[in-house]
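What follows is a single structure, written as structure tokens, with notes after it.
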2 protein chains.
Amino acid sequence: MTTIKDVAEKAGVTVTTVSRVLNNRGYISERTREKVRLVMEELQYQPNEIARSLTRKRSMVLGMIIPTIAHPFFSEMANAIENYASGFGYKLLICNSRMEQSKEKEYIDMLKSNRVDGVIMGSHTLDVQEYINLQRPIVTFDRRIADIPYISSDNYQGGQLAAQLFISKGCKKVAIISGDLSLDLLSNLRTQGFIETLKQHQIEPIVFQLGSDSFDRSTYDVLITELIEQHQGLDGIFASSDIVAMTVIKAAAARGISIPQQLKLIGYDDISFAELANPAITTIRQPIEAMSKLAVDLLDKLAQGEQVELENTLPVTLVERDTT
Amino acid sequence: MTTIKDVAEKAGVTVTTVSRVLNNRGYISERTREKVRLVMEELQYQPNEIARSLTRKRSMVLGMIIPTIAHPFFSEMANAIENYASGFGYKLLICNSRMEQSKEKEYIDMLKSNRVDGVIMGSHTLDVQEYINLQRPIVTFDRRIADIPYISSDNYQGGQLAAQLFISKGCKKVAIISGDLSLDLLSNLRTQGFIETLKQHQIEPIVFQLGSDSFDRSTYDVLITELIEQHQGLDGIFASSDIVAMTVIKAAAARGISIPQQLKLIGYDDISFAELANPAITTIRQPIEAMSKLAVDLLDKLAQGEQVELENTLPVTLVERDTT
DNA sequence: TTATATATGTCAACCGCTTGACATGTCAAT
DNA sequence: ATTGACATGTCAAGCGGTTGACATATATAA
């Protein structure tokens, strides 16, 4: 590959000069600048970013550790992050932890070794200490860890909104399908908001926990079928994600339960499939785009040594479609 | 950050020795090895991979350029690729071209500058030459470009399978919703296989092209509604992707057309949502996992300077569910 | 005329690690 | 006593760029 030296020689200048046009610093006449640019073109010169990263001590790479990019919520988020971050010149490294501690640890070390400029944590199986040892800008999604800035949507509000909708529709016997409540995740506030709001209206919801392995869809249907069969007469289900909601739709259809007539259903996330589902899912929309931008902005600020807000909670909105 | 020098000093050896235990080369006594390892632990030493990449001339990074990671087909593929590639020690850089030439070009240059060890191209808006200029291992999906190895599923066979299923179900008036046939994509062979097979049975399918911007879902419903209304009495639709199929389901439901009774529907890809849809979609399954592995294997071989097969077509399978 | 901004060059250290060349020393086997 | 495998060290160049220090030359403004 052609190096800066090759360019310098061919252009009849020194590497310092070439470096100057490359980085726009120091004095350079338009003449020289053009000459150098031309040679770069001719030689198809691409500066070696690895070498640059080494000296600059900035890799311009962001790492994102998530359970799996195959999950639409994460893939939509990764998409938004990459789109926005690329505007800053950042690249995005994807790491699928598969919710395994060992993988998560490996990735953290890897990102550290690769001197990424920031880490976005969307998978949280490790102890607090491991994250802190990262020693570089980091933000988490939906989990509060020590002094690490976190981003989340207003889960409590999400629960409230869902509850209020059920109430306004006159539901009497409702259930919430939650994630693993024993995990220290902010998303569990949804359940809290949901329950508390319903209680104010003298309704005691059934709480149904989906295992901790909640990114594994294969067990969903069995569990959800179980829920529906054990609790006849349910007239409202608040699912912890749109994917779970889709499974509920299928389970209901299989039993001849009509949605929304007999059973009302609310999802969570508003991934693009929520609208595509049949019937289209009423859901609590997380502001994925805004959360993604915020993540990048925070990391960028942290990288510049700026202080940032630790708690970043964005509002959710109810998107009513055809399941309520 | 602690460097190899710090480790060497603290362990009372030279950097050469530390480098030796790091890379497992040369003679090293178990004693020294342990001593060095211990110091690494204590100092929380993480070798700077950027520096290593610079000398080794291998970044251990793979780049993947796709229209958008938000599309389930690509996110599932990225997931499979990342999972498999991480076993080789490769990291995955995601690039969303959004089907824009300028972005695609930028990413190609970026990957070149970052000296990635391989590129997976799933977005093809540029001229052949641009890809060749990349000068490093590259594989493409679903497009044949000069001497670049490509991977694709057997699209023609996919079209055949769909056609045969319609025939066996006794469909008489069928349509295919294809992508942009003017693009030089192997996926267009689906249409060919479909049409040719049907013609052998004296059926002339209606071919309906979805614009080239086929990763933009927003226009789907209007177009598909149009198709259904303009061609009353359709009893079979072969959609170019499961997502399109989901839109067909909705459009049909909105018009009271029952699937599969009145209209049979076959999707393509078998993304995980195909099964989750209501009704579950009968589809042509692309072997995403196998294709992904193959991509990594090919790149890895190319990186080692080995020769690889240029044409890599993997068989598809029909997965019959509830829409046929 | 003098001061100052502009334009370029030379030189060399540095980023953190790898690696080849070569020297030296230990220890066990012959 | 000799040989050779093993263990470690020293030295230094190289990967491709960046950057500060300093020198010099020209052009322009005061």
Side-chain angles (χ1 to χ4, degrees), chain A residues 1-37 39-40 43-61 89 109-117 135-136, chain B residues 1-37 39-40 43-61 89 109-117 135-136:
Chain A
M1 298 234 76
T2 81
T3 72
I4 197 174
K5 216 177 262 180
D6 301 327
V7 175
E9 276 171 24
K10 180 142 187 179
V13 297
T14 60
V15 295
T16 307
T17 306
V18 178
S19 177
R20 276 181 190 144
V21 351
L22 219 45
N23 298 289
N24 261 315
R25 39 185 4 265
Y27 295 117
I28 284 284
S29 66
E30 209 37 58
R31 253 184 85 104
T32 320
R33 199 189 298 278
E34 265 320 298
K35 190 174 56 182
V36 171
R37 286 230 176 93
V39 175
M40 286 180 173
L43 265 41
Q44 290 223 52
Y45 171 68
Q46 302 277 18
N48 184 329
E49 287 299 330
I50 296 181
R52 299 181 102 182
S53 298
L54 187 58
T55 38
R56 289 192 185 148
K57 291 166 174 304
R58 286 199 71 180
S59 60
M60 297 311 283
V61 172
D109 286 345
M110 184 276 275
L111 293 177
K112 206 169 164 183
S113 286
N114 282 277
R115 304 299 191 261
V116 297
D117 289 345
Q135 319 246 27
R136 44 200 57 235
Chain B
M1 297 233 77
T2 80
T3 73
I4 198 174
K5 214 177 263 182
D6 301 328
V7 175
E9 276 171 24
K10 180 141 187 179
V13 298
T14 61
V15 295
T16 306
T17 307
V18 177
S19 177
R20 276 179 189 146
V21 353
L22 220 44
N23 299 291
N24 263 316
R25 41 188 2 267
Y27 293 119
I28 284 283
S29 65
E30 208 39 57
R31 253 182 86 103
T32 320
R33 197 190 298 277
E34 264 320 297
K35 190 173 54 181
V36 171
R37 287 229 176 95
V39 174
M40 287 179 172
L43 265 40
Q44 290 224 55
Y45 172 69
Q46 301 276 19
N48 185 329
E49 288 297 331
I50 296 180
R52 300 180 103 182
S53 297
L54 186 59
T55 36
R56 289 193 185 146
K57 291 165 173 306
R58 285 198 73 179
S59 60
M60 297 311 283
V61 172
D109 286 345
M110 185 275 277
L111 293 177
K112 206 169 164 185
S113 286
N114 283 276
R115 306 297 192 263
V116 297
D117 290 346
Q135 320 247 25
R136 44 200 55 237

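Please read all numbers here as calculations on a predicted model, not as lab measurements. Every chain is numbered from 1, with letters handed out A, B, ... down the list of sequences.
The CG atom of A/L22 sits 10 Å away from the P atom of D/dT19 (whole-angstrom rounding). Counting to the nearest Å, the P atom of D/dG16 and the CG atom of B/N114 are 15 Å from each other. Across the protein-nucleic acid pair, B/K112 atom NZ and D/dG16 atom P stand 15 Å apart, rounded to whole Å. In this structure, B/K5 places its NZ atom 13 Å from P of C/dA13, rounding to the nearest Å. Atom CG in A/N24 sits about 13 Å away from atom P in C/dA7, given to the nearest Å. The OH atom of A/Y45 sits 10 Å away from the P atom of D/dG16 (whole-angstrom rounding). Put simply, CG on B/L54 is 4 Å from C1' on D/dC15, counting in whole angstrom units. Between the CG atom of B/L43 and the P atom of C/dG16 there is a distance of 14 Å, rounded to whole Å.
Using a 4.0 Å heavy-atom distance criterion, A/I50 is classed as making no nucleic acid contact.
If you run side-chain contact (heavy atoms from CB on, under 4.5 Å) between A/I4 and each of A/N48, A/V18, A/T14, only A/V18 comes through.
Close to C/dT18, at under 4.0 Å from its OP1 or OP2, lies a side-chain N or O of B/R52. Contact annotation: A/N23 side-chain N/O to D/dT18 OP1/OP2 distance is under 4.0 Å. Taking only side-chain nitrogens and oxygens, B/R56 never comes nearer than 4.0 Å to OP1 or OP2 of C/dC17. Between A/R33 and C/dA7, a side-chain N or O to OP1/OP2 separation shorter than 4.0 Å is absent. One finds no side-chain N or O of A/R25 lying less than 4.0 angstrom from the OP1 or OP2 phosphate oxygen of D/dT18. Close to C/dT18, at under 4.0 Å from its OP1 or OP2, lies no side-chain N or O of B/K57.
Side-chain contact check for A/S19 and A/T16: no donor-acceptor pair (N or O, by modelled atom type) lies under 3.5 Å.
Contact record, A/R52 with A/L22: NH2-CG, 3.7 Å, taken as the closest heavy-atom pair. The heavy-atom pair separating A/V116 from A/R136 by the smallest distance is O-NH1, 2.9 Å. In terms of heavy atoms, B/T17 sits closest to B/I28 at CG2-CD1, 3.7 Å.
Near DNA chain C, defined here as any heavy-atom distance below 4.0 Å, the residues from residues 10-20 of chain A are A/G12, A/V13, A/T14, A/T16, A/T17, A/R20, listed numerically.
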Identify all pairs in which a protein N or O lies below 3.5 Å from an N or O of nucleotides 3-7 of chain D, and state each distance.
| unit_1 | atom_1 | unit_2 | atom_2 | d |
| --- | --- | --- | --- | --- |
| D/dC6 | OP2 | B/Y27 | OH | 3.0 |

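In this structure, B/S59 contributes its side chain and B/R115 its backbone to a donor-acceptor pair below 3.5 Å.
Residues B/K35 and B/V13 have side chains in contact (heavy-atom distance under 4.5 Å, counting atoms from C-beta outward).
Distance check: A/K57 NZ to A/D117 CG gives 12.0 Å after rounding to the nearest 0.5 Å.
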